[in-house]
Structure formats: structure tokens, C-alpha cells
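Quick note: numbers below take in every heavy atom, side chains included, and nothing from hydrogens, waters or symmetry partners.
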Amino acid sequence: MALIVQKFGGSSVANAERVFNVAKIITETYSAGNDVVVVVSAQGDTTDDMLAKAAEINPNASKREMDVYLACGEQMSMSLLAMAIERLGFPVISLTGWQAGIKTTSHHSSARIVRIDPERIRNELDKKNIVIVAGFQGINKFESITTLGRGGSDTTAVALAASLKASLCQIYTDVDGIYSADPRIIKDAVKLDEIPYDDMLELASLGAKVLHNRSVEMAKRYHINLEVLSSFSRKPGTIVKEVVTNMEKLHVSGIAKDDNVVRIALTGIKDEPGRAYRVFALLSRNSINVDIILQSIGRGDVKDISFTICKGDKEKAVEVLNANKLDLGFEELHVSDSLVKVSVVGAGMIDNPGIAATMFEALYEAEINIHMISTSEIKVSVLIENQYADQAMQVIHRKFFNLV
Ligand code: ASP
Ligand code: MG
């Protein structure tokens with residue numbers, strides 16, 4: 001007998017029919033002899049609707065009261081799901097985050113789980129109950145209700161799996177696993193049977209948006225086997241784990257696109273020690289994260305430095321750079337926001353210099369110009385014009401995944 005944590009996202013419980021579909025998945029797992037702890041999100045677009053409703057009352061409501069309110073979305077779905085399971089004739093109990101012992105920091109609207117006291121859940125499992133826990137919420141040391149940030153139910157599920165030492169944590173969603181690229185863009189994207197945690201983290205931060213990033217970080221830290229699968233298709237999904245058994249065969253897990261990039265170029269900076277330091281120290285003092293950095297070879301006694309930042313930091317970066325123009329000593333500042341970052345991700349990359357070459361070859365054949373390149377142990381990224389983004393994804397994907 002195993003203990004399995006199953007998490008169902010908002011779309012999986014969006015209406016009565018889907019709630020019963022999920023109830024069947026849960027009760028089948030239970031009937032197979034497993035202890036089952038379920039984490040559930042608010043139904044469908046409930047959280048968005050609640051946000052809109054709260055804004056009608058007070059657009060500047062305190063985060064504390066917003067948390068009290070938003071936590072209700074998950075409480076409604078947990079009890080509805082429990083009612084469906086009761087109706088199927090199985091023993092079940094629903095618990096709020098605080099009843100389930102989920103203790104968090106005090107950062108309302110983006111709290112982090114500090115620890116879980118699992119006694120209550122253990123007692124209910126001992127009584128042979130199926131336990132449904134509201135996702136996305138907990139309680140802080142002042143006994144105020146907190147929420148974990150949008151999409152936080154994945155993190156609730158993985159934290160419970162770690163605390164209860166579950167053998168598997170299944171994340172049920174509306175896609176049937178992790179794909180080698182966004183299937184809406186790349187028709188021949190393939191579903192991966194397995195993917196390493198590190199690749200998943202890269203793909204999530206690069207915009208794959210299937211799992212909450214914090215849940216993957218936590219799964220990695222506690223060695224939790226995560227499975228991402230669809231509540232609609234009932235097919236095996238993708239297992240996210242430490243090492244992929246088939247690593248020899250495929251070194252690339254996926255291709256991702258990230259359009260949240262802006263490139264800033266500073267031209268005519270004096271070519272002497274300390275200049276790059278001044279630029280990046282200034283950005284860091286203003287909490288602006290820099291991703292790719294490129295410095296040109298000096299011409300005469302000047303050089304250019306370009307770098308990428310997130311779109312949200314654009315105004316601030318331009319403002320602080322211009323305000324310090326004299327001290328930094330650049331001639332001109334250019335901003336390009338028509339670029340995207342396309343990346344090939346794979347943990348086996350470090351041993352395979354051919355991967356970057358293959359990616360560049362695909363872009364060359366499609367006559368797509370590369371503006372910037374960055375490489376790390378597990379990814380190769382290029383910056384290109386966003387009008388070519390989808391085409392670039394296609395040609396790169398074809399090179400790596402549809403080898404004939
Ligand atoms: N209901 C919350 C949200 O929509 C949490 C979640 O779905 O994981 O962000
Ligand atoms: Mg959701």
C-alpha cells in the first residue's frame with residue numbers, strides 16, 4: 001500500500017461533471033489499496049472572478065483581507081469534491097490549509113510554507129478517510145490565513161507529499177504531460193515520458209507554464225516523484241525526477257520561447273577596468289535582474305555593452321541609466337523590445353558541444369539572424385526578432401526531435 005498525493009487544478013474541477021470525473025479518479029486510486037491525500041484548486045476561473053469582485057468593493061484592499069477572501073475559492077471546491085466522493089459511497093473528509101497543519105510565512109498573497117504538522121491528516125488516513133486539502137493556503141504565526149501566490153496549489157501538493165513521505169505526487173491538469181515544445185505552436189511536439197527536475201525548472205522559467213516553479217524546486221529538494229497528467233485523458237503523463245533513464249538517447253528535453261525580454265545596449269563606453277562594474281552595480285542596487293550580457297571588442301578606446309532584462313524593468317532601467325549617464329560614461333542608450341529568447345534545454349548538454357551547432361544550423365538554414373547567444377550547463381539560448389519566433393521554434397524542434 002502506498003500513499004499518493006493527487007492535485008487537481010481549477011480546470012479539472014470546473015463543473016459538476018468534472019468534479020465527479022475527478023472523484024472517480026480518486027476513489028479508484030483509493031480502491032486499489034492506497035492512502036490518498038488530494039489537493040484541489042478553486043473551480044475554473046473562480047480566483048480571477050473573486051479578484052474582480054473584490055476590486056469592486058475596494059481596489060486597495062489589504063493583502064490580509066484578500067487572502068481571507070481568496071482562500072474561500074479552494075474551500076468551496078474541496079467541500080464540493082468531498083460531497084461528490086460521499087455520494088460515490090467512500091469515506092472522505094475535507095480540510096482547510098490550516099486544519100491540515102500548513103504553516104507559512106506572513107507574506108500575505110505570496111506566503112511560503114515553513115512547515116507542515118501532518119498529525120491531523122495522518123489521523124484521518126488512519127481512520128481510512130480520503131483526505132481533501134484546500135490548495136494555495138495556510139496559516140501564519142499570528143493565525144491569519146495566508147495564500148501562496150497564483151498557481152500555488154501545486155506547491156501545496158508537493159509540500160504535503162514531502163511531509164507525508166508520499167511515494168508519488170500526481171499533478172492532474174488539462175494537458176497530458178510535459179511536451180518538447182508548446183504543442184499550440186509546434187504541431188509535432190512530443191510528449192516526454194520523463195524529464196529531469198533541472199530541465200523542468202528551466203522550461204518553467206522559460207515560459208512552459210505547466211507547473212508552479214516553486215513546486216518543482218521543492219520536489220527536487222525532497223526527491224519527490226512528480227507526475228504531470230491529464231484528468232481528462234486518463235493516459236500516463238510525464239514523470240519529473242532526478243535522472244532520466246533514457247538520457248543517452250535524447251539530450252534535449254525541450255525548446256522554449258520567452259518573450260519577456262528587452263535588450264538594452266550602451267554604446268561608446270570607455271574601454272577600461274570598472275566600467276561594466278558600474279553599470280551592473282547600478283542595476284543591481286535598483287533590483288533589476290540582468291540575464292544575457294554581451295560586451296563588444298573595444299574599438300579605439302571605447303566598447304559597447306548590451307544586456308537583457310524583463311519587460312517590467314524597462315522603464316526603471318532606462319531611467320536610472322540615463323540619470324547616471326555621466327558617471328557610467330556611455331554615449332548612447334538603445335532599447336529593443338522586438339526580441340524573443342528561444343532556448344534549447346537539456347541536462348545532457350554539457351557533454352554535447354554539437355547541440356549549439358545544431359541549433360545555429362537550423363536558424364542559419366531558415367535565414368534567421370541571431371542577436372545574442374548565451375549558454376549554460378543545461379541550455380543554449382538565442383535572442384532573435386520576435387516575428388521569427390514561431391518559425392525558429394519549428395526549425396529548431398524539427399532538427400532535434402523529428403530526425404528521420
Ligand atoms: N486558485 C489559485 C489560482 O488560481 C491557486 C491555484 O490554482 O493553484 O491561482
Ligand atoms: Mg489555478
Side-chain angles (χ1 to χ4, degrees), residues 198-199 201-208 213 255-347 349-350 352-353 355-360 363-364 368-386 388-389 392-393 396:
D198 287 332
D199 292 23
L201 282 170
E202 279 297 334
L203 288 170
S205 65
L206 295 174
N213 237 12
I255 321 285
K257 169 174 95 167
D258 178 4
D259 51 18
N260 186 15
V261 285
V262 170
R263 181 185 61 182
I264 294 192
L266 302 175
T267 63
I269 293 189
K270 213 157 186 260
D271 196 6
E272 64 180 20
R275 292 289 165 173
Y277 162 69
R278 282 188 219 179
V279 172
F280 295 106
L282 174 72
L283 294 170
S284 126
R285 275 201 302 281
N286 285 280
S287 311
I288 296 169
N289 277 330
V290 173
D291 184 22
I292 309 178
I293 300 175
L294 189 78
Q295 180 180 300
S296 70
I297 296 176
R299 0 169 201 95
D301 60 349
V302 290
K303 65 189 173 190
D304 305 331
I305 295 181
S306 27
F307 52 87
T308 62
I309 54 174
C310 292
K311 282 189 171 145
D313 286 336
K314 183 175 97 174
E315 264 81 48
K316 191 161 180 203
V318 170
E319 187 190 312
V320 297
L321 288 165
N322 277 329
N324 291 277
K325 189 170 177 183
L326 273 183
D327 178 48
L328 303 174
F330 60 87
E331 274 161 22
E332 280 172 40
L333 182 155
H334 300 276
V335 179
S336 348
D337 34 23
S338 63
L339 301 171
V340 291
K341 185 165 85 171
V342 174
S343 305
V344 172
V345 174
M349 194 154 289
I350 186 96
N352 271 277
I355 289 186
T358 306
M359 179 186 195
F360 302 157
L363 293 169
Y364 161 64
I368 297 171
N369 195 25
I370 301 172
H371 290 295
M372 276 173 132
I373 299 171
S374 85
T375 61
S376 75
E377 281 189 20
I378 84 160
K379 71 172 185 210
V380 181
S381 309
V382 295
L383 217 61
I384 59 172
E385 292 293 332
N386 63 14
Y388 302 120
M393 299 268 289
I396 296 169

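- Between R275 and L328, the shortest heavy-atom distance links the atoms NH1-O, 3.1 Å.
- Checking T267 against E331 by side-chain atom types alone, no donor-acceptor pair falls below 3.5 Å.
- The shortest side-chain heavy-atom distance between F360 and V380 falls under the 4.5 Å cut-off.
- Distance check, rounded to the nearest 0.5 Å: CE of M393 to NZ of K257 gives 6.5 Å.
- The CD1 atom of I293 lies 8.5 Å from the CD1 atom of I305; values are rounded to the nearest 0.5 Å.
- When all heavy atoms are compared, the tightest approach of A392 to I384 is CB-CD1, 3.4 Å.
- I255 contributes atom CD1, which lies 6.0 Å from atom CD1 of I396 (distance to the nearest 0.5 angstrom).
- With rounding to the nearest 0.5 Å, the separation of CG in D258 from CG in D291 is 8.0 Å.
- Ion pairing between D337 and K311 fails under the 4.0 Å rule for side-chain N and carboxylate O.
- Annotation for D199 and G346: closest pair OD2-CA, 3.3 Å, computed over non-hydrogen atoms.
- Although no hydrogens or angles enter the test, the distance criterion places no donor-acceptor pair under 3.5 Å between the side chain of R263 and the main chain of S306.
- Enclosure of atom CZ in F280 by more than 12 non-hydrogen atoms of other residues, nucleotides or ligands within 6.0 angstrom is indicated.
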- Check step by step if side-chain contact (heavy atoms from CB on, under 4.5 Å) holds for Q295 and D304. CA-CA 6 Å; Q295 180 180 300; D304 305 331; over 6 Å; no
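- Taken from CG in L363 to OH in Y388, the straight-line distance is 12.0 Å, to the nearest 0.5 Å.
- When all heavy atoms are compared, the tightest approach of D271 to G298 is OD2-CA, 3.5 Å.
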- Before giving the answer on side-chain contact (heavy atoms from CB on, under 4.5 Å), spell out for Y364 and I370 the whole-Å C-alpha distance, their side-chain angles and the decisive distance to 0.1 Å. CA-CA 9 Å; Y364 161 64; I370 301 172; over 6 Å; no
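- Checked by atom type and distance alone, the side chain of S376 pairs as donor or acceptor with a backbone atom of I378 at under 3.5 Å.
- Minimum heavy-atom separation, A317 to L283: CB-CD2, 4.3 Å.
- When side chains are defined from C-beta on, T308 does not count as touching K341, because their heavy atoms never get closer than 4.5 Å.
- With respect to D259, the side chain to side chain contact (heavy atoms under 4.5 Å, CB included) criterion is satisfied by exactly one of V342, V340, N386: V340.
- Looking at heavy atoms from C-beta onward, E385 lies in side-chain contact with H371 at the 4.5 angstrom threshold.
- The minimum heavy-atom distance between D313 and N289, with the atom names listed, is OD2-N, 3.9 Å.
- Judged by distance alone, with hydrogens and angles left aside, the side-chain atoms of N260 form no donor-acceptor pair with the main-chain N or O of C310 at under 3.5 Å.
- Within 6.0 Å of atom CD in E272, more than 12 heavy atoms from other residues, nucleotides or ligands are found, so the atom counts as buried in its surroundings.
- The structure places CZ of F330 at 5.0 Å from CG of N322, a figure rounded to the nearest 0.5 Å.
- When each of I288, L333, V335 is checked for a side chain to side chain contact (heavy atoms under 4.5 Å, CB included) with L321, only L333 meets the rule.
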